[in-house]
Amino acid sequence: MPELPEVETTRRGIEPHITGQQVNTVIVRQPKLRWPIPPRLKKTLPGQKILNVTRRGKYLLLNATKGTVIIHLGMSGSLKLVESDQAAKKHDHFDIVFNNNKTLRLHDPRRFGSVLWTTRPALNHPLLSSLGPEPLEDEFNTNYLFQCSRKRSVAIKTFIMNSKVVVGVGNIYASEALFRSGIRPTIAAGKISKLRYQRLVNAIKNVLQDAIAEGGTTLRDFTNGEGKPGYFKQKLLVYGRTGEPCTMCNKAIKQSQQNQRTTYYCSHCQR
DNA sequence: CGAGCAACCTGCATGC
DNA sequence: TGCATGCAGGTTGCTC
């Protein structure tokens, strides 16, 4: 799935095309996503205008006249703008058809994504209300992460992937940021020094910014709003590189399991 | 409260 | 070619 850079890439791709546009129709082909697509969306959204498209963590917020469409892409979701007469393909579960003959189309084979609707401030929605800070904002800094980590025994990789700690860091960028900062993914979060947290915070910010600049990472099927892949995969230093030489020391990259997820690291460079 | 893990679902690569 | 297995970008919600 899309981690923060891929969601941000999607946001930038669709935002200029749907801002100010009026919704004509909502088409639900498969309502069974992570949560059911709310049935009232089909009646309530037509006629409304999209005011802007924002992002909170990995959630996209289509802010409309009378409420907000909250979209999460899960593991395999992607959004694309297509001509409204374009036929839907397999796993094209949801469309917002606009009056200008363009359609925003959600494609999601695994259906871990979600489409929700709220008429209250979106940030108050239960799924968004207890999220941690945005990693690229100033609130996410060394002091914050260090304080937050005290007395926490969880592995540092698990810790930075916890959206209550910081949003947007998924399996790819967690491994990459820990490599960039020289920290072994299994170290207990509470045992890491402030200096090392400073390096980690910088690494998280830098890797996410670098990835956004490349349009995100396309492993298999991620595409931006215009159907194009991202190019950050070529710059991954450890993720998916098991057995290949470390770019720093030439030793073979290792992999292990944490929380049912694969972790990639260099046993020489990360301590 | 924190930690660990099963669950949701489909597609694809691999091995027999 | 077919079948079984394991793995994949995420997150909630359950147990302990």
Side-chain angles (χ1 to χ4, degrees), chain A residues 1-11 29-37 55-60 70-79 89-94 106-116 125-132 135 148-178 185-191 204 207-208 211-212 214-224 229-236 238-243 255-264:
Chain A
M1 138 19 325
E3 300 184 35
L4 185 148
E6 293 74 39
V7 177
E8 178 61 18
T9 296
T10 300
R11 191 195 68 75
R29 297 186 194 80
Q30 170 56 279
K32 294 179 185 171
L33 304 185
R34 179 73 162 83
W35 289 280
I37 297 177
R55 179 187 58 71
R56 178 74 175 98
K58 297 172 187 170
Y59 292 92
L60 279 171
I70 301 172
I71 299 178
H72 196 290
L73 299 175
M75 289 279 253
S76 58
S78 59
L79 284 170
K89 295 178 178 146
K90 196 175 185 184
H91 304 309
D92 286 344
H93 305 311
F94 174 78
L106 175 71
H107 177 86
D108 185 7
R110 293 179 72 182
R111 290 194 270 129
F112 290 173
S114 51
V115 176
L116 301 165
H125 190 280
L127 291 174
L128 308 192
S129 60
S130 54
L131 292 177
C148 192
S149 70
R150 293 307 91 181
K151 307 204 170 171
R152 296 292 296 272
S153 63
V154 280
I156 185 63
K157 182 182 177 235
T158 309
F159 183 65
I160 61 174
M161 287 179 69
N162 181 343
S163 62
K164 288 179 180 166
V165 174
V166 58
V167 295
V169 182
N171 204 35
I172 296 177
Y173 301 110
S175 280
E176 292 297 310
L178 288 166
T186 45
I187 307 279
K191 289 190 172 176
I204 289 171
V207 77
L208 294 177
I212 290 170
E214 296 286 341
T217 299
T218 296
L219 293 182
R220 169 174 292 142
D221 49 13
F222 170 75
T223 56
N224 68 10
Y231 299 102
F232 193 70
K233 186 179 181 204
Q234 299 156 338
K235 300 200 176 173
L236 297 177
V238 287
Y239 185 90
R241 297 192 63 241
T242 308
Q255 78 171 63
S256 65
Q257 290 292 124
Q258 287 179 280
N259 289 351
Q260 312 151 253
R261 312 297 297 274
T262 304
T263 297
Y264 302 87

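So that the names make sense, note that chain A is the first sequence line, chain B the second, and so on, each numbered from 1.
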Sugar-phosphate, base or nothing in reach of A:Tyr59, heavy atoms under 4.0 Å: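 Touches sugar-phosphate only.
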With the six-membered base ring of B:dC8 as reference, does the ring of A:Phe112 sit under 5.5 Å away with planes under 30° apart?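 Stacked: centres under 5.5 Å apart, planes under 30°.
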side-chain N/O [X] vs [N] OP1/OP2, d < 4.0 Å:
| X | N | result |
| --- | --- | --- |
| A:Lys90 | B:dG11 | yes |
| A:His91 | B:dG11 | yes |
| A:Thr262 | C:dC7 | no |
| A:Lys58 | C:dT11 | yes |
| A:Arg110 | B:dG11 | no |

Heavy atoms, side chains only, cut-off 4.5 Å: are A:Leu106 and A:Val115 in contact?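 A side-chain contact exists here, since the closest heavy-atom pair is under 4.5 Å.
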Who does C:dC7 pair with, Watson-Crick or G-U, both distances under 3.5 Å?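 Base-paired to B:dG11.
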For C:dT1, the Watson-Crick or wobble partner whose two distances fall under 3.5 Å: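 Here C:dT1 is not engaged in any pair, so there is no nucleotide opposite it.
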Among [options], find the nucleotide with the atom closest to the side chain of [X].
| X | options | result |
| --- | --- | --- |
| A:Pro109 | B:dG11, B:dA7, B:dA3 | B:dG11 |
| A:Tyr264 | C:dA8, C:dT11, B:dG11 | C:dA8 |
| A:Arg152 | C:dA8, B:dG2, C:dG10 | B:dG2 |
| A:Glu3 | B:dA7, C:dG10, B:dG11 | C:dG10 |

Rounded to the nearest angstrom, tell me the gap between atom CZ in A:Arg34 and atom C1' in B:dA7.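 Checked: the CZ to C1' distance equals 8 Å.
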Could you tell me whether a side-chain N or O of A:Glu176 sits under 3.5 Å from a main-chain N or O of A:Val238, the two making a donor and an acceptor?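 Side chain of A:Glu176 to backbone of A:Val238: a pair is present.
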Under 30°, 30 to 60°, or over 60°: which ring-plane class applies to A:Tyr59 and A:His72, parallel, tilted or perpendicular?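 If you compare the ring of A:Tyr59 with that of A:His72, the planes turn out perpendicular.
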5'-most contact on DNA chain C: A:Leu219 or A:Ser163, nearest heavy atom basis?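 This one resolves to A:Leu219.
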Which residue lies more 5' along DNA chain B, comparing A:Arg111 with A:Ser153 via nearest heavy atoms: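 The residue mapped nearer the 5' terminus is A:Ser153.
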Polar contact flag, side-chain donor to acceptor under 3.5 angstrom, A:Thr262-A:Gln257: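 Yes, side-chain donor-acceptor contact under 3.5 Å.
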If you apply the rule side chain to side chain contact (heavy atoms under 4.5 Å, CB included), what do you find for A:Trp35 with A:Leu127, and how did you get there? CA-CA 12 Å; A:Trp35 289 280; A:Leu127 291 174; 3.7 Å; yes
